[in-house]
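For ligands, and for the atoms within them, numbers begin at 1 and follow the listed sequence. Quick caveat: nothing in here was measured; it's all calculated off a predicted structure.
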Amino acid sequence: MITGSSQGIGRAIAYRLAQSGADIVINYRSNAAAAEEAKASIEALGRRCIAVQADVSKEEDVTRLFAEATKAFGPVAILVNNAGTTRDKLIIQMSLADFEHVMDTNLRAAFLCTKAALRGMMKARWGRIVNIASVAGLMGPAGQANYGASKAAIISLTLSTAREMASRNITSNALAPGFIPTELTSVVNEQQRQYMLDNTPLNRFGTTEEVAAAAAFLCSPEAGYITGQVLAVDGGMSIHM
Ligand code: NAP
């Protein structure tokens with residue numbers, strides 16, 4: 001199950017995990033047409049796939065999402081907490097609603113989905129959780145107090161999950177992508193893009209496929225001895241920190 005996988009990074013992760021042989025639960029909040037396209041591309045690989053509308057910041061939606069996933073394929077073995085959003089503003093201009101919306105979408109959702117997935121994983125004594133954090137969670141960017149705080153918190157959630165679940169053979173890791181062109185980053189202006197590029201040693205932006213490859217590795221049998229780690233997929237941006 002990949003939350004927020006109708007487009008962008010989530011969609012690329014879903015496709016990559018399907019290539020590795022997983023049956024896939026696509027989740028989206030509003031864009032049903034994009035989710036159906038993502039589903040069709042996965043089915044074209046010969047994998048089974050369902051697309052489920054659910055706002056993962058809401059507990060009742062998460063309950064329904066996991067019920068539908070379990071009905072289709074059995075307990076969720078791999079969870080990628082990817083759904084995320086931004087509402088960038090300076091703190092003095094940021095409303096409580098801006099803060100809470102981002103925290104709910106990025107952090108509350110990851111907590112709810114992790115909790116829902118763990119029951120089945122504990123029973124199976126196997127599980128993989130990958131949380132999509134961000135370099136923003138490591139660096140505290142100006143204009144992203146809500147987003148950066150949510151991503152820092154996701155990193156801590158990742159570590160707590162790793163500690164609590166290690167005895168059950170469930171791994172929990174985070175990815176911290178740098179700047180990846182998607183709809184989320186389409187609002188970033190030219191000056192900000194140049195600033196990102198200037199601070200990226202590899203001197204280019206990343207691709208959704210590059211993030212997906214790292215996620216697929218962390219979900220693979222070969223990564224069974226890796227837990228509680230944060231892997232930056234950022235062209236070296238975080239070397240500066
Ligand atoms: P994106 O293109 O905007 O895609 C976001 C996805 O999340 C969409 O499928 C959207 O579905 C879904 N979504 C949003 N809110 C949701 C909710 N409440 N419930 C269910 N689904 C929801 O974003 P992206 O760039 O691929 O980002 C994916 C993740 O990577 C996010 O966590 C983001 O913070 C993180 N990240 C991105 C970058 C970057 O540079 N792009 C860098 C670091 C980290 P609908 O369209 O149907 O609403």
Practice item. Determine whether any heavy atom of Ala54 lies closer than 4.0 Å to an atom of ligand 1. Key: yes

Point to revise | Side-chain donor-acceptor pair present, Asn82, Ser5, cut-off under 3.5 Å | key: no

Check your understanding: Do Asn131 and Thr158 have side-chain N/O donor and acceptor atoms under 3.5 Å apart?
Key -> yes

Check your understanding: Are Asp55 and Arg29 within salt-bridge range, i.e. N to O under 4.0 Å?
Key -> no

Practice item. Return a yes/no value for Thr105: is any of its N or O atoms, backbone included, closer than 3.5 angstrom to an N or O of ligand 1? Key: no

Check your understanding: Hey, does Ala176 sit under 4.0 Å from ligand 1 if you only count heavy atoms?
Key -> no

Review point. Under a heavy-atom criterion of less than 4.0 Å, does Lys151 contact ligand 1?
Key: yes

Exercise for review: For atom 30 (O) of ligand 1, find the nearest protein heavy atom and state the residue, atom name and distance (0.1 Å precision).
Suggested key: Ile132 CG2, 3.3 Å

Review point. Does ligand 1 have any atom that is closer than 4.0 Å to a heavy atom of Pro181?
Key: no

**Study point:** Structural part of Thr208 in contact with ligand 1, heavy atom criterion under 4.0 angstrom
**Key:** neither

Exercise for review: Answer yes or no for Asn82: is there a heavy-atom contact with ligand 1 below 4.0 Å?
Suggested key: yes

Point to revise | ligand 1-proximal atoms of Thr185, by part, heavy-atom distance under 4.0 Å | key: side chain

Exercise for review: Under 4.0 Å, heavy atoms only, figure out whether ligand 1 is touched by the backbone of Ala133, its side chain, both or neither.
Suggested key: backbone

Review point. Does any N or O atom in Val56 lie less than 3.5 angstrom from one in ligand 1, N or O only?
Key: yes

Check your understanding: Taking all non-hydrogen atoms of both residues, which atom of Thr182 and which atom of Thr208 are closest, and how far apart?
Key -> CG2-CG2, 3.8 Å

Point to revise | Min side-chain heavy-atom separation Glu209-Arg16 under 4.5 Å | key: no

Check your understanding: Does ligand 1 have a heavy atom under 4.0 Å from the side chain of Leu184, from its backbone, from both, or from neither?
Key -> both

Review point. Is it true that a side-chain atom of Asn27 and a backbone atom of Gly4 form a donor plus acceptor pair closer than 3.5 Å?
Key: yes

Practice item. Give a yes or no on whether the backbone of Ala109 and the side-chain of Ser57 come within a donor-acceptor separation of less than 3.5 Å. Key: no

Practice item. Please say whether Tyr147 places an N or O atom under 3.5 Å from an N or O atom belonging to ligand 1. Key: yes

Review point. So how far is it from Asn81 CG to Ile2 CD1, rounded to the nearest 0.5 Å?
Key: 11.0 Å

Review point. So is Gln7 polar-close to ligand 1, meaning N/O to N/O under 3.5 Å?
Key: yes

Check your understanding: Taking both backbone and side-chain atoms of Ile180, is any N or O found less than 3.5 Å from an N or O belonging to ligand 1?
Key -> yes

